[in-house]
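Here the structure comes first, spelled out in structure tokens, and everything after it is commentary.
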There are 2 protein chains.
Amino acid sequence: MARTQGSHSDITGPRIRQAALSLFARHGYAAVSMRQIAAEVGVQAGALYNYTPDKQSLLYHLMRNHMEELLEAYSALDPCDGPVESLRQFVGFHIRFHMKRPDEVFIAYMELRNLTPENFAEIEALRRAYENALEAILEQGQQAGVFSVADTKIATLAVIAMLNGVMTWYRSGGRLSLDQVEQIYWDMVRKAVAV
Amino acid sequence: MARTQGSHSDITGPRIRQAALSLFARHGYAAVSMRQIAAEVGVQAGALYNYTPDKQSLLYHLMRNHMEELLEAYSALDPCDGPVESLRQFVGFHIRFHMKRPDEVFIAYMELRNLTPENFAEIEALRRAYENALEAILEQGQQAGVFSVADTKIATLAVIAMLNGVMTWYRSGGRLSLDQVEQIYWDMVRKAVAV
DNA sequence: ACTGTATATGAACAGATGTTCATATAGAAC
DNA sequence: GTTCTATATGAACATCTGTTCATATACAGT
């Protein structure tokens, strides 16, 4: 047999990426086989290779897409007045952006070690670019005397680590609204870097 | 052929656990084969089954051991005077304990989804017990009026997430000593939960 | 209606996987 | 020195792995 009814590239391509995303997030890259991804799409394993040269590329492009969208969305924000307001904006943006993409976030964090060295280097560079945006804010606030951190690099990583913690417990429809979560985390971040 | 020179249970057992620990941490549970573990020990794959019923048990016991040692070490600490001092002690303990066991920490966090449901439930219970110790401190301080957090549960998770961030970047022999790291994080935690 | 191509199938590949087991032997106990 | 058992081997198992490819066919363009 061969080509099936309704088969089309514009449809199958995204569905493969979606299936890979969801399966990688749930079971981990190494634990998911090409046949499982194909089955989720309703296709045979061989068909995947019309859309990706190999399994590694599937992972890499998911991660790069996510990081590029993150950076684009962040730089599309309106500029803010002063470091405090910028930090508040960063906290809100980070929480909301990541909440909407739990699978992508999970993969971008957990599957770094399954990238080839070259792919890892590229993803890592994008991640650092994002971290640098936060560090610039802290640095600015530090020099303006409105923040007081012992080390801006460490504070950057500490704030991001803290914010990422949200993803491990927040479920929409739970006890707290996104607004409340944002407010709570902003309180803690603000105080943590305060003078 | 069969039993080799120098073979002994007291030696091989720990070496298998050590090899599994190190390989799981570096490449992930799903990506490591029993043959790789055996090769690291210098033994054939079949020999592993004198020490573990299966691969899953190997992972489970590594994680349970780690969590139990964590809880034991924490409860062995001298009691502190008041919530502020208790929190400072917790921060220092957490950073130092986890720094000494980077592989165990990494596995305990990353490989939860590779546990069977029953094993997962057990490990998760131990983790919650540890979190509860911190939450009790925050709760106490909140009621005594020395801390001010909107939600003790969230603050607990936020503080632990922030502290765990250390493991992703700290390398001994780097720019900062453990004492400095501890001091920097304590400053941030203290301020984050301050009134 | 006819043709060309994009898109799927399904079989095949070489090798890896977790696990079992009959067998051999090193070292302890007597 | 003999016996016993704990501890290893290495082959075998059924199944799964990522990937390739000849082949078939649904759809688009004419």
Side-chain angles (χ1 to χ4, degrees), chain A residues 1-21 23-24 26-63 107 111 113-119, chain B residues 1-21 23-24 26-63 107 111 113-119:
Chain A
M1 254 162 277
R3 187 170 182 180
T4 54
Q5 261 195 341
S7 66
H8 203 49
S9 176
D10 301 347
I11 296 174
T12 310
R15 287 185 62 203
I16 288 174
R17 285 185 283 277
Q18 175 53 49
L21 175 68
L23 288 170
F24 287 167
R26 192 155 44 249
H27 308 294
Y29 173 77
V32 172
S33 73
M34 294 300 265
R35 281 173 183 80
Q36 281 174 60
I37 298 171
E40 183 97 348
V41 177
V43 107
Q44 295 299 314
L48 301 185
Y49 291 85
N50 288 324
Y51 301 93
T52 182
D54 48 34
K55 193 186 174 190
Q56 166 73 203
S57 294
L58 215 40
L59 175 62
Y60 168 64
H61 283 109
L62 287 174
M63 292 176 74
I107 287 175
E111 303 297 350
R113 63 180 164 191
N114 286 311
L115 292 171
T116 61
E118 308 82 41
N119 289 344
Chain B
M1 251 162 273
R3 186 170 181 177
T4 53
Q5 261 195 343
S7 67
H8 205 47
S9 175
D10 301 347
I11 295 173
T12 310
R15 287 185 61 202
I16 288 174
R17 285 185 284 277
Q18 174 54 48
L21 175 69
L23 287 170
F24 288 167
R26 191 154 47 248
H27 307 294
Y29 173 76
V32 172
S33 73
M34 295 299 266
R35 282 173 182 81
Q36 283 175 57
I37 298 171
E40 182 97 349
V41 178
V43 106
Q44 295 300 313
L48 302 186
Y49 291 85
N50 288 325
Y51 301 92
T52 180
D54 48 35
K55 192 186 176 191
Q56 165 75 202
S57 294
L58 215 39
L59 175 62
Y60 168 62
H61 282 110
L62 286 174
M63 292 176 75
I107 287 176
E111 304 297 352
R113 64 180 164 190
N114 287 310
L115 291 172
T116 62
E118 308 82 43
N119 289 344

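For the numbers below, each heavy atom of this structure counts, side chains included, while hydrogens, waters and symmetry mates do not. None of these values were measured; they are calculated from a predicted model. Here is how names work: the chains are called A, B, and so on, in the same order as the sequence lines, proteins then strands, and each is numbered from 1.
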Practice task
Find the distance A:Lys55:NZ to D:dT17:P and express it as a whole number of Å.
Solution key: 8 Å
Handout entry: Distance in angstrom units between A:Asn114 CG and D:dG18 C1', rounded
Key = 15 Å
Problem - B:Gln36 side chain near C:dT17 phosphate (N/O to OP1/OP2, under 4.0 Å) - result: yes
Handout entry: Residues A:Thr12, A:Asn50; criterion side-chain contact (heavy atoms from CB on, under 4.5 Å); working and verdict
Key = CA-CA 10 Å; A:Thr12 310; A:Asn50 288 324; over 6 Å; no
Fill in the blank from the handout: A:Arg35 atom CZ is separated from C:dG10 atom P, nearest whole Å, by 13 Å
Practice task
Ignoring backbone atoms, establish whether B:Tyr49 has a side-chain N or O less than 4.0 Å from OP1 or OP2 of D:dA8.
Solution key: no
Completion exercise
DNA chain C nearest-nucleotide lookup for A:Gly42 and B:Gly46: closer to the 5′ end is A:Gly42
Exercise for the section: Round to a whole Å and report the spacing from CD of B:Gln44 to C1' of C:dG18. Expected result: 15 Å
Problem - Nucleotide D:dT20, atom P - distance to CG of A:Asn50 in whole Å - result: 12 Å
Exercise for the section: In whole angstrom, give the distance that lies between atom CG of B:Leu48 and atom P of C:dT17. Expected result: 13 Å
Exercise for the section: Taking A:His61 for its side chain and A:Ser57 for its backbone only, find out whether a donor-acceptor pair lies under 3.5 Å. Expected result: yes
Exercise for the section: Calculate the interatomic distance between B:Asp54 atom CG and C:dT19 atom P; express it in whole Å. Expected result: 5 Å
Practice task
For A:Val41, answer base if it contacts any base atom (sugar-phosphate contacts may also be present), sugar-phosphate if it contacts only those atoms, and nothing otherwise; contact means non-hydrogen atoms under 4.0 Å.
Solution key: nothing
Handout entry: Minimal non-hydrogen separation, B:Glu111 against B:Gly28, with atom names
Key = OE2-CA, 3.2 Å
Exercise for the section: Determine whether B:Ile16 and B:Thr52 make a side-chain contact, defined as any pair of heavy atoms from C-beta on separated by less than 4.5 Å. Expected result: no
Practice task
Using whole Å, report how far CE of B:Met34 lies from P of C:dT20.
Solution key: 10 Å
Handout entry: Side-chain N or O of A:Ser33 closer than 4.0 Å to phosphate OP1/OP2 of D:dC16
Key = no
Problem - Phosphate OP1/OP2 of C:dT7 contacted by A:Thr12 side-chain N/O (<4.0 Å) - result: no
Problem - Heavy-atom check, side chain of A:Leu115 versus side chain of A:Gln56, under 4.5 Å - result: yes
